[in-house]
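Worksheet: the structure to be examined is printed underneath.
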Amino acid sequence: VVNRILMPYLQEALDLLDAEHPMADIDAAARAFGMPMGPFRLLDEVGLDVALHVSRTFAAAFPDRFQESATLAFMVKEGRLGKKNGKGFYEKRGRTWAPWPGINAARQPLDRHPEGLPAVLRGSDRRRRRDRHRRRRRARGMRRALRQHVRPVFRPAGRDRRRRGR
């Protein structure tokens with residue numbers, strides 16, 4: 001479950017990096033949203049080789065929705081494994097971690113995606129409509145269950161009596 005949620009998030013961050021958005025801005029936006037760390041710092045913590053393996057697994061399992069990250073493949077090929085060897089999207093300098101100045105060399109163009117769209121945004125309109133319908137139906141069911149099981153804090157006395165049959 002974690003990988004099914006986490007990998008598309010990390011892939012989107014890599015796609016933004018490939019679209020030449022600054023890495024620091026992407027990480028700052030994630031932290032401002034409430035994440036404890038940005039996606040690139042998280043990739044360094046997990047290990048770029050591990051993330052690449054998961055990316056390849058997802059690409060094999062969901063070829064219509066996910067592609068292997070060329071940026072991660074380049075970084076691993078260059079020997080940048082993240083926290084394991086002190087070199088990843090961030091480099092260890094003494095006791096601190098600083099953004100890798102050579103990140104521009106690792107960027108891969110977005111033309112690897114059909115129609116120029118990030119991998120997780122592709123898909124048929126029929127599937128999108130079906131998923132939207134399922135979400136709405138689930139929400140209706142949840143609202144119905146809440147109405148049945150959660151009693152309002154304040155109810156007028158007359159209405160309450162009538163319901164009980166008194």
* Structure fact -> When rounded to the nearest 0.5 Å, the distance separating CZ of R80 from CG of N85 is 7.5 Å

* Under a 4.0 Å N-O cut-off, is there an ion pair linking K87 with E78? -> no

* Stepwise side-chain contact (heavy atoms from CB on, under 4.5 Å) test for L6 and L42 -> CA-CA 10 Å; L6 183 64; L42 181 60; 3.6 Å; yes

* Output yes when a side-chain donor or acceptor of S55 lies under 3.5 Å from a complementary backbone atom of S69, and no otherwise. => yes

* Note, P101 side chain near E91 side chain (heavy atom, < 4.5 Å) -> yes

* Asked: Hey, what do you get for OH (Y90) to OG1 (T96), rounding to the nearest 0.5 Å?
  -> 12.0 Å

* Asked: Minimum heavy-atom separation for G38 to Y9, with atom names?
  -> C-OH, 4.3 Å

* Asked: What heavy-atom pair brings M37 and A30 nearest, and what distance separates the two atoms?
  -> O-CB, 4.5 Å

* Is there side-chain contact between D49 and K84, with at least one heavy-atom pair below 4.5 Å? -> yes

* Working to the nearest 0.5 Å, report the span between CG of L72 and NZ of K77. => 13.5 Å

* Distance, nearest 0.5 Å, that separates CG of L10 from CG of L43 -> 4.5 Å

* Structure fact -> In short, salt bridge (Lys or Arg N to Asp or Glu O under 4.0 Å) pairs touching residues 24-44 with sequence neighbours left out are R41-E45

* Indicate yes or no: at least one non-hydrogen side-chain atom of D15 is less than 4.5 angstrom from one of T71. => no

* Structure fact -> To the nearest 0.5 Å, atom CD1 of I26 lies from atom CD of E12 at 10.5 Å

* Does some side-chain heavy atom of I103 sit less than 4.5 Å from a side-chain heavy atom of L17? -> yes

* Pairwise ring-ring contact (aromatic ring centres under 6.0 Å, His included) hits with a residue in residues 15-60, at least two apart -> F40-F89, F58-F62, F58-F66

* Step by step, would you call L16 with M23 a side-chain contact (heavy atoms from CB on, under 4.5 Å)? -> CA-CA 8 Å; L16 287 171; M23 183 177 72; over 6 Å; no

